[in-house]
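Atom set for the values below is all heavy atoms of this structure, side chains included, hydrogens, waters and symmetry mates excluded.
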Amino acid sequence: MTLATFLILIAIGLLAGSLGGILGIGGGLLIIPGLTIFAKLNQHTAIGTSLAVMLPPIGLFAAYNYYKAGAVNLPYAMIVASAFMIGSFFSSYIALALPEVLVR
């Protein structure tokens, strides 16, 4: 990995993390296009990388702060998370079977 690639990844992460914490956006809107356009990853790898990126920071740190502030409805979160896991598991098969869209 070059220094330029490292700095690009840091910039993508900082931007997505900042907007994710404030607005709840980041993965599909920022990380995936950033990884395909600037880091030159193919679309499938960018999607898989984006999903792996979101697990620790969003799932642990940001949600914990909202939980401490009393701003998390755990029953709702558990239902949506369960459905999200099922939907993402099966839709990933569909996404991997589709041809990649050229973004560059």
Side-chain angles (χ1 to χ4, degrees):
M1 174 185 319
T2 66
L3 178 60
T5 300
F6 180 77
L7 294 175
I8 287 169
L9 296 175
I10 294 293
I12 292 169
L14 287 173
L15 181 62
S18 298
L19 292 176
I22 294 170
L23 302 173
I25 60 171
L29 187 64
L30 299 170
I31 295 175
I32 294 168
L35 290 175
T36 56
I37 295 168
F38 299 112
K40 307 297 184 206
L41 294 182
N42 67 56
Q43 189 171 356
H44 289 154
T45 303
I47 292 169
T49 303
S50 175
L51 292 171
V53 164
M54 289 187 281
L55 290 175
I58 294 171
L60 298 177
F61 299 118
Y64 179 70
N65 284 330
Y66 281 94
Y67 176 78
K68 285 191 317 185
V72 174
N73 183 317
L74 284 177
Y76 281 29
M78 292 169 62
I79 292 168
V80 173
S82 297
F84 186 94
M85 288 188 294
I86 293 166
S88 64
F89 178 79
F90 289 109
S91 66
S92 67
Y93 284 112
I94 296 168
L96 288 168
L98 296 173
E100 293 187 16
V101 177
L102 295 178
V103 180
R104 295 169 248 200

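Side chains of Leu30 and Ile12 form no contact here, defined as non-hydrogen atoms less than 4.5 Å apart. For the pair Asn65 and Phe61, the minimum side-chain heavy-atom distance is 4.5 Å or more.
Leu41 pairs in a side chain to side chain contact (heavy atoms under 4.5 Å, CB included) with only one of the listed residues (Ile47, Thr49, Ile32), which is Thr49.
Taking CE of Met78 as the reference point, atom OH of Tyr76 lies at 14.0 Å (rounded to 0.5 Å). Distance check: Ile37 CD1 to Ile8 CD1 gives 11.5 Å after rounding to the nearest 0.5 Å. Taken to the nearest 0.5 Å, the CG atom of Leu15 stands 13.0 Å off from the CD1 atom of Ile10.
Judged by distance alone, the side chains of Thr2 and Thr5 do bring a donor and an acceptor atom under 3.5 Å apart.
Across all their heavy atoms, Ala39 and Leu9 have their closest contact at CB-CD2, 4.2 Å. Here the shortest heavy-atom pairing between Val72 and Tyr67 reads CG2-N, 3.4 Å.
Ile86 and Leu51 sit in two unconnected hydrophobic clusters of ILVMFWY residues. Membership requires side-chain heavy atoms under 4.5 Å apart, directly or through other members. Under the 4.5 Å side-chain heavy-atom criterion for ILVMFWY residues, no single connected hydrophobic cluster contains both Leu96 and Phe89. At a threshold of 4.5 Å between side-chain heavy atoms, the hydrophobic network of Ile, Leu, Val, Met, Phe, Trp and Tyr places Val53 and Met1 in one connected group. Phe84 is not connected to Ile31 by any chain of hydrophobic side-chain contacts under 4.5 Å among Ile, Leu, Val, Met, Phe, Trp and Tyr, and they are in different clusters. Neither Leu98 nor Phe90 shares a network with the other; the hydrophobic side chains, linked directly or stepwise wherever heavy atoms of I, L, V, M, F, W or Y lie under 4.5 Å apart, form separate groups for each.
A donor-acceptor distance shorter than 3.5 angstrom exists from the side chain of His44 to the backbone of Ala95, with no hydrogens or angles considered. One N or O on the side chain of Thr36 and one on the backbone of Pro33 form a donor-acceptor pair closer than 3.5 Å.
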